[in-house]
**Q** 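Sharing a structure, written as structure tokens. Questions coming.
Sequence lines set the chain letters: A, B, ... in the order given, protein chains first and strands last, and positions in each chain run from 1. Computed from a predicted model, the values in this text were never measured in an experiment.
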Amino acid sequence: DGGITQSPKYLFRKEGQNVTLSCEQNLNHDAMYWYRQDPGQGLRLIYYSQIVNDFQKGDIAEGYSVSREKKESFPLTVTSAQKNPTAFYLCASSIGEINSPLHFGNGTRLTVT
Amino acid sequence: AQSVTQLDSQVPVFEEAPVELRCNYSSSVSVYLFWYVQYPNQGLQLLLKYLSGSTLVESINGFEAEFNKSQTSFHLRKPSVHISDTAEYFCAVSPSGGYNKLIFGAGTRLAVHP
């Protein structure tokens, strides 16, 4: 079955460490996205990529970095510069057309102490 | 810029009762509208969408939403809820021009009690 796989489901890190969240899709979608979810704030867009080797900042990109070297992969690195990294991170993909719905992975819950 | 307001953060309801989850949006351009559902510790799943045509759209599990352009609303309704409908529901908009970029509301937690 096609879908989006995020790993790991739970991730714990010490403050000051960089950490990379994995996102892989086998839907052959061109576009991929990273959202951050915090209680009571809904989803906020971190980065998005319309095509391989290209990506754009979303609304809250500071302290994060991404790469898009392959169509099926869009890893997110949470750097030590991110001031409040503890959150639920969701990866999504779409065919990229303006009215196309997003398909989401099951998320990674990151806890930084 | 677009924005989405979900007027209720939590909605408690008894099983088999009707429910309405409210969503208002603001936009200077035409938009596409979506409702997503999220079960605990999972990603979001598309529930229904309005792109054009009939202003009333339905999902396969009994939910419906009506696009009201004059009131800039896209409220979600179900005439009789089940325990399994307990989840968080997100309203989202996407501008009709430019790149496919969804803007989400803060979510409404629907709690169905027996």
Side-chain angles (χ1 to χ4, degrees), chain A residues 3-11 21 23-25 27 29-51 54-61 87-111, chain B residues 1-11 21 23-25 27 29-53 57 59-60 65 67 74 87-109:
Chain A
I4 300 178
T5 301
Q6 290 188 242
S7 60
K9 190 170 181 64
Y10 299 95
L11 193 54
L21 282 60
C23 177
E24 303 280 331
Q25 56 100 356
L27 299 167
H29 284 170
D30 287 318
M32 296 189 74
Y33 313 74
W34 274 105
Y35 284 88
R36 170 181 170 138
Q37 185 177 14
D38 296 283
Q41 296 192 49
L43 279 70
R44 293 179 290 169
L45 183 64
I46 304 173
Y47 268 97
Y48 62 99
S49 169
Q50 301 179 55
I51 198 168
D54 185 54
F55 50 82
Q56 286 79 40
K57 293 182 179 180
D59 301 317
I60 55 165
F88 190 51
Y89 291 88
L90 287 162
C91 179
S93 70
S94 79
I95 62 174
E97 293 179 5
I98 191 61
N99 59 9
S100 57
L102 270 60
H103 297 256
F104 284 85
N106 283 331
T108 291
R109 188 167 299 279
L110 173 65
T111 303
Chain B
Q2 292 80 33
S3 66
V4 179
T5 302
Q6 292 185 242
L7 297 160
D8 306 293
S9 59
Q10 296 186 60
V11 174
L21 306 184
C23 173
N24 286 90
Y25 69 92
S27 176
V29 300
S30 297
V31 296
Y32 300 117
L33 296 155
F34 304 82
W35 275 99
Y36 284 81
V37 59
Q38 183 181 34
Y39 299 101
N41 294 313
Q42 293 187 24
L44 278 69
Q45 303 171 32
L46 179 67
L47 189 60
L48 46 75
K49 61 184 178 182
Y50 171 78
L51 304 179
S52 64
V57 291
S59 72
I60 58 173
F67 169 55
F74 191 54
E88 188 148 21
Y89 292 80
F90 292 92
C91 182
V93 302
S94 176
S96 60
Y99 180 63
N100 188 29
K101 178 181 171 182
L102 281 181
I103 299 164
F104 286 87
T108 297
R109 185 170 299 279

**Q** Which answer fits A:Q6, side chain, backbone, both or neither, if we ask what part of it has an atom under 4.5 Å from a heavy atom of chain B?
**A** neither

**Q** Is B:Q6 in contact with chain A via its backbone, its side chain, both, or neither, using a 4.5 Å heavy-atom distance?
**A** neither

**Q** Are more than 12 heavy atoms, taken from residues, nucleotides or ligands other than A:L27, located less than 6.0 Å from that residue's CG atom?
**A** yes

**Q** Which word best sums up how the rings of B:Y50 and B:F74 line up, parallel for under 30°, tilted for 30 to 60°, or perpendicular for over 60°?
**A** tilted

**Q** Is chain B contacted by the side chain of A:L90, its backbone, both, or neither, given a heavy-atom distance below 4.5 Å?
**A** side chain

**Q** Measure distances from B:Y39 to the heavy atoms of chain A and classify the residue's part below 4.5 Å as side chain, backbone, both or neither.
**A** neither

**Q** Take the angle between the ring planes of A:Y35 and B:F104 and call it parallel below 30°, perpendicular above 60°, tilted in between.
**A** perpendicular

**Q** When you compare the side chain of A:H103 with that of A:Q25, does any pair of heavy atoms fall below 4.5 Å?
**A** no

**Q** Check whether B:L44 gets within reach of chain A through its side chain, its backbone, both or neither, counting any heavy atom under 4.5 Å.
**A** both

**Q** Tell me the closest heavy-atom pair linking B:L48 and B:S59, and the distance in Å.
**A** CD2-N, 3.9 Å

**Q** Using non-hydrogen atoms and a 4.5 Å limit, figure out which bit of A:D38 sits close to chain B: side chain, backbone, both or neither.
**A** neither

**Q** Checking heavy atoms, do the side chain of A:Y10, its backbone, both or neither come under 4.5 Å from chain B?
**A** side chain

**Q** Taking side chain as everything from C-beta outward and backbone as N, CA, C, O, which of these in A:R44 sits under 4.5 Å from a heavy atom of chain B? Side chain, backbone, both or neither.
**A** neither

**Q** Is the number of heavy atoms from other residues, nucleotides or ligands under 6.0 Å of A:K57 NZ greater than 12?
**A** no

